[in-house]
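Each remark here refers to the structure printed beneath this line.
Chain A is the first sequence line, chain B the second, and so forth, proteins listed ahead of strands; every chain is numbered from 1.
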Number of protein chains: 2
Amino acid sequence: MVKPIELKSVCGCCTIRERCLPAGLSDEEVLVIDQYMEHRLPVKKGELLYSQGDPLEALFAISTGSFKTLILHEDGRSQITGFQLSGEIMGLDAISNERHVSDAMALEDSTVCKIPYDSFEELESEMSRLQHNFNKTLSSEIVKDHNLMLLLGSMRAEEKMAAFLINLSQRFHARQQSASELVLRMTREDMGNYLGLKLETVSRILSRFADEGLISVQGRHITLIDEKKLHSVTISA
Amino acid sequence: MVKPIELKSVCGCCTIRERCLPAGLSDEEVLVIDQYMEHRLPVKKGELLYSQGDPLEALFAISTGSFKTLILHEDGRSQITGFQLSGEIMGLDAISNERHVSDAMALEDSTVCKIPYDSFEELESEMSRLQHNFNKTLSSEIVKDHNLMLLLGSMRAEEKMAAFLINLSQRFHARQQSASELVLRMTREDMGNYLGLKLETVSRILSRFADEGLISVQGRHITLIDEKKLHSVTISA
DNA sequence: GTGAAATATTGATTTAGATCAAAGTTGATT
DNA sequence: AATCAACTTTGATCTAAATCAATATTTCAC
């Protein structure tokens, strides 16, 4: 009889291991991290994983599904700061003052892996590779945010929409999903909020792109038809 | 004769020590970090500390003066991602893929302290307090960026300008400078770029604020007169 | 100190996207 | 399968900010 190896390691056998926090770690290291985590907790569509003001207890990695994160202004306005897909880490903005400053809402029925932040910092000091990864994770978030600032600050509506679709396409592709058949999980209003546009503008521009043969639109199912042309929209008025 | 103590520790005696990377570290720890740094390197107004594409060699802390950081889009557009003051760390976005993705330009004659990134990561694994601080530093940058997204995505021009002035005022105040007498080091165009506005709009709104008695404007010297009213501009149309 | 270049202000006009409004469409729930 | 609520599309109109344009002012190099 063959002896089962590492039955206990959930991360070790996870299909997204190399696109998640344990990327590049040894099996032994992953096994250690594993012990501190809660794996694949279900979150129903529309549920909040955490909200503004909650004390930081843990970081979350998306196992399956997707989320939106948003911050609230005192006058009631909100800004969606990102749409997160599998392998992406949520809660990073809470490290700053040990309280969440954003809400994280599931866009579909999802599962997340949870690691207490205290444990995480301990593991970090024991595994320099984990520390290195985490610095990169945080830095990538900053780069991503800066790119969104460029989009929000200087792009026109069509350019924003094209950039958004291309970005989603690339991220789906990295997850072995189709790069051209996009199933959007967010509303037109969410897209607009994220891009600094009104929902009507989002709708109009999707229709226009469809008229021009760049994409086809059936509700939230969008097919990229001419990705090259779509890309050219993002770099020229 | 009195024996001088810790003559070698530059950070140890630095007036901004507690608002900089060594915040909260022991004198011994600071002394260690000190050995790896180059202190108070001068950077002339208009000079680039690093630019997009440069390999990440070091992180920089501003000792005196100020900088703007900006990213460039392939079509020539740019977005200023921040204005940095003393004690703030620059180069964080380069950790992600070990290359700078932004330019950092001195807005006035300035001095910076430089720490090689390799050394920094080693120090981090030896000093858990430093690691903790650095996680917070990176997270704060993310929070700051998210707030700018809210501004760029959903605020009107007047609200943006008011929020900008209040933010600068607070940061000057934290540095023992006047919270009401602001000496701006950036052009109207820089402000506009940062806020997603054109320079004419920046100029007009400053004039309007002055007409309404909220501020007074003499070129780049701006005095906040009615800060309460100014704040109310940021939370209501 | 002088002149040129860079920066800032103000006015007139235009326009991209917001707002207001009215149907459609989708999908969840009973 | 019917119903209701949430979401989406499309049209007409409005408006905040951009653009175009003309001076004014500041700054810096010589």
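Other residues, nucleotides and ligands contribute at most 12 non-hydrogen atoms within 6.0 Å of the OH atom of B:Tyr36.
Between B:Phe67 and B:Phe60, the ring center distance fails the sub-6.0 Å criterion.
Residue A:Leu206 contributes atom CG, which lies 17 Å from atom C1' of C:dG24 at whole-angstrom precision. Taking atom CG of residue B:Leu199 and atom P of nucleotide D:dA17, one finds them 15 Å apart after rounding to whole Å. With rounding to whole Å, A:Asp190 atom CG is found 13 Å from D:dA6 atom C1'. Note: CG (A:Leu197) to C1' (D:dT8) measures 16 Å, nearest angstrom. Regarding B:Arg185, its CZ atom lies at a distance of 10 Å from the P atom of D:dT27, rounded to whole Å. Rounded to whole Å, atom P of C:dA8 lies 9 Å from atom CG of B:Leu184. D:dA6 atom P lies 12 Å from atom CD of A:Glu189, rounded to whole Å. In this structure, the NE2 atom of A:His221 is 20 Å from the P atom of D:dC7, given to the nearest Å.
A donor-acceptor contact under 3.5 angstrom links the side chains of A:Ser96 and B:Ser140, judged on distance only.
Side chain A:Arg220 to base C:dG27: no donor-acceptor pair is found below 3.5 Å. With hydrogens and angles ignored, a donor-acceptor pair under 3.5 angstrom links the side chain of A:Arg204 to the base of C:dT19.
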Residue pair A:His73, A:Ser78: steps toward the side-chain contact (heavy atoms from CB on, under 4.5 Å) verdict: CA-CA 6 Å; A:His73 189 58; A:Ser78 66; over 6 Å; no
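Listed nucleotides: D:dT9, C:dT9, D:dT10. Nearest to the side chain of A:Val217: D:dT9.
Within 4.0 Å of B:Gly196, counting heavy atoms only, lie sugar-phosphate atoms of the nucleic acid but no base atom. At the heavy-atom level, A:Ser203 lies under 4.0 Å from base atoms of the strands shown.
A salt bridge is defined here as a Lys NZ or Arg NE, NH1 or NH2 lying under 4.0 Å from an Asp or Glu carboxylate O, and A:Lys144 with A:Glu88 fails to meet this definition.
Nucleotides of DNA chain C nearest to B:Met191 and A:Gly219 differ in position, and the one nearer the 5' end is that of B:Met191. Position along DNA chain D of the nearest nucleotide to B:Glu200 versus B:Ile205 favours B:Ile205 as the more 5'-ward residue. If B:Lys45 and B:Met155 are placed on DNA chain D by their nearest nucleotide, the residue sitting closer to the 5' end is B:Met155.
Checking the phosphate oxygens (OP1, OP2) of D:dA17, no side-chain nitrogen or oxygen of B:Thr201 falls inside 4.0 Å. Distances shown here put every side-chain N or O of B:Thr187 at or beyond 4.0 Å from the OP1 or OP2 atom of C:dA6.
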